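I have placed the structure first, in the form of structure tokens, so that the comments after it can refer back to it.
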There are 2 protein chains.
Amino acid sequence: MSDREKLEARLVWERPEPASRPAPEPLSREQIVRAAIALADADGLAAVSLRKVGASLDAGPMRLYGYLSSKEELLELMVDAVYGEMASEGPLTGDWRRALSAMAQRTRRAAKRHAWFIDLLGGRPHLGPHVLAHVEATFAALSGAPGFEHIDSVMLAVGTVDAYVLGALRNEASKLERGMNQAEWEAVSGPYIQRMISTGRFPMLAQVVRDATHPSADVVFERGLDCVLDGIAARLGR
Amino acid sequence: MSDREKLEARLVWERPEPASRPAPEPLSREQIVRAAIALADADGLAAVSLRKVGASLDAGPMRLYGYLSSKEELLELMVDAVYGEMASEGPLTGDWRRALSAMAQRTRRAAKRHAWFIDLLGGRPHLGPHVLAHVEATFAALSGAPGFEHIDSVMLAVGTVDAYVLGALRNEASKLERGMNQAEWEAVSGPYIQRMISTGRFPMLAQVVRDATHPSADVVFERGLDCVLDGIAARLGR
DNA sequence: GAACCGACCGATACGGTGTAAAGTACGATA
DNA sequence: TATCGTACTTTACACCGTATCGGTCGGTTC
């Protein structure tokens with residue numbers, strides 16, 4: 001029997017009036033998004049449910065539907081908020097290469113602050129104001145530079161770097177913090193890998209384990225990025 | 001009142017014995033994975049639930065737990081199966097550039113056959129036999145080629161191309177088939193974009209809409225890939 | 001041949017999800 | 001002051017992954 005039913009079991013006459021509700025202070029998309037981001041930062045994207053977000057604002061889940069029309073929209077707003085953070089690092093300076101590199105590093109830093117960001121990045125196309133501003137600024141940094149006279153070449157360069165960054169961050173994230181920490185994961189997968197190698201069917205993997213100097217994630221990211229930028233530079237001359 | 005309860009409402013004496021169950025033919029991981037892939041191909045990843053997969057094999061959801069210990073494992077098996085498909089296209093031939101390009105295109109074709117593949121790609125590190133074979137084959141195709149004497153340079157090249165492919169496929173997928181088809185999507189986002197442009201705050205976006213020749217997705221993918229490969233080639237000389 | 005035992009299967013149940021629908025109370029407006 | 005719209009809440013639904021457990025069966029041992 002619910003509390004409600006328990007109350008109504010008494011007659012109207014002796015039943016107290018409902019406590020005058022404490023004038024719920026109005027919400028805002030910004031508050032909601034902040035709460036959602038806090039949850040995602042703390043416990044991962046899976047912890048972002050309309051119920052939990054609502055609860056952290058002393059509201060029921062349905063209350064949020066006054067500000068959003070679906071959970072997808074909330075995620076969209078979260079993405080845009082992160083782009084907002086990135087923009088607050090200031091305008092892009094330097095030549096096209098420095099600009100693209102800076103954008104890549106900003107994205108990576110954002111992904112480090114908000115691990116869930118990566119999972120949301122590749123979803124549907126993002127059209128929030130901060131995203132548009134981000135794209136606009138990136139294009140503007142390249143536009144007009146020698147070799148980037150036509151907008152198509154700008155799009156190719158930005159698109160390629162973007163794709164690399166997206167994939168690299170996803171790979172990076174997949175190797176790290178999978179619920180279990182790095183050590184735990186290696187404890188499970190290590191022996192398996194060893195067993196696979198000892199079958200003799202994977203000589204290259206064996207060589208990787210034996211010879212590879214595993215540089216830090218930062219270095220790996222930067223080297224790959226340099227590669228991509230070199231490719232773009234090579235294309236400019238042609 | 002459940003069927004069970006309805007039955008038990010009658011006395012034992014007049015209650016029929018349970019129909020002798022039709023000796024459930026044994027399942028296998030392969031069958032399960034095939035069923036899951038069929039579901040995902042038809043209705044998207046979200047349609048893959050243990051209940052539905054089970055149902056399509058005339059089994060309850062719990063039956064599957066004899067073959068898997070979690071849904072994550074099922075997804076992992078699905079990924080490995082796709083790598084198996086890719087491997088069946090035959091061995092890699094040609095120099096390092098052709099090999100990497102072929103791998104990229106194979107991945108892209110696989111993602112076209114199985115749209116859900118992209119969403120699973122960047123998740124946790126994949127360690128299935130077909131994945132290992134894929135990595136092994138890719139490394140082997142590069143190993144020893146001039147400029148790829150050290151395994152580190154092989155890893156850099158493969159890792160960079162992989163990252164690009166991953167990101168490019170994700171971007172590509174995000175622009176296409178978002179539940180609604182392309183036309184519907186543009187009908188919604190188009191006017192919005194127009195309005196944003198007409199604020200005058202996004203001159204570069206305006207230029208994109210005005211001047212850009214939007215090549216097909218195939219061309220865009222290939223151009224970006226060429227860029228990345230050029231970057232790797234440039235690095236070899238040094 | 002009978003009795004046991006272990007593996008497996010299925011039903012049930014729990015705690016969670018997003019959100020549709022209906023109910024309810026309050027502020028503004030007529 | 002009465003009414004109405006609007007915002008919020010409650011309730012409910014359909015579904016999810018999976019823990020638990022009772023029952024059924026096949027194989028093994030006395």
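As the structure is a computational prediction, the values presented were derived from the model and not from experiment. The sequence lines fix the lettering, A, B, ..., with proteins before strands; numbering per chain opens at 1.
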(message) Without decimals, in angstroms, what is the distance between A/E72 CD and C/dG18 P?
(response) 12 Å
(message) Under the rule for side chain to side chain contact (heavy atoms under 4.5 Å, CB included), what residues qualify as partners of B/A47, not counting sequence neighbours?
(response) B/D43, B/K52
(request) May I have the distance from A/E73 (atom CD) to C/dG18 (atom P), rounded to whole angstrom? (result) 14 Å
(request) Output yes when at least one side-chain N/O atom of A/Y65 is less than 4.0 Å from OP1 or OP2 of D/dC8, else no. (result) no
(request) Could you please name the option among C/dG18, C/dA11, D/dT9 that lies closest to any side-chain atom of A/R63? (result) D/dT9
(message) Using a strict heavy-atom distance below 4.0 Å, which residues from residues 35-60 of chain B are in contact with DNA chain C?
(response) B/R51
(message) Expressed as a whole number of angstroms, how long is the span from B/L64:CG to C/dA11:C1'?
(response) 15 Å
Distance-only donor-acceptor hits, side chain of residues 162-169 of chain A, under 3.5 Å, sequence neighbours excluded:
residue, atom, partner, partner atom, Å
A/Y164, OH, A/F221, O, 2.9
A/Y164, OH, A/L225, N, 3.3

(request) Whole angstrom is fine here: how far is it from NZ in B/K71 over to C1' in C/dT17? (result) 12 Å
(message) Please enumerate all residues that pass salt bridge (Lys or Arg N to Asp or Glu O under 4.0 Å) together with B/E172, with sequence neighbours excluded.
(response) B/R108
(request) Could I get the full list of salt bridge (Lys or Arg N to Asp or Glu O under 4.0 Å) partners for A/R51, not counting sequence neighbours? (result) none
(request) Check the distance between C/dA7's P and B/M62's CE and give it to me in whole angstrom. (result) 17 Å
(message) Strictly below 4.0 Å, N to O, side chains only: are A/R201 and B/E136 in salt-bridge contact?
(response) no
Show me the donor-acceptor pairs, under 3.5 Å and distance only, between side chains in residues 112-121 of chain A and residues at least two apart or in other chains.
residue, atom, partner, partner atom, Å
A/R113, NE, A/E85, OE1, 3.0
A/R113, NH2, A/E85, OE1, 3.1
A/H114, ND1, A/D41, OD1, 2.8
A/H114, ND1, A/D41, OD2, 3.2
A/H114, NE2, A/E85, OE1, 3.0
A/H114, NE2, A/E85, OE2, 2.9
A/W116, NE1, A/D41, OD1, 2.7

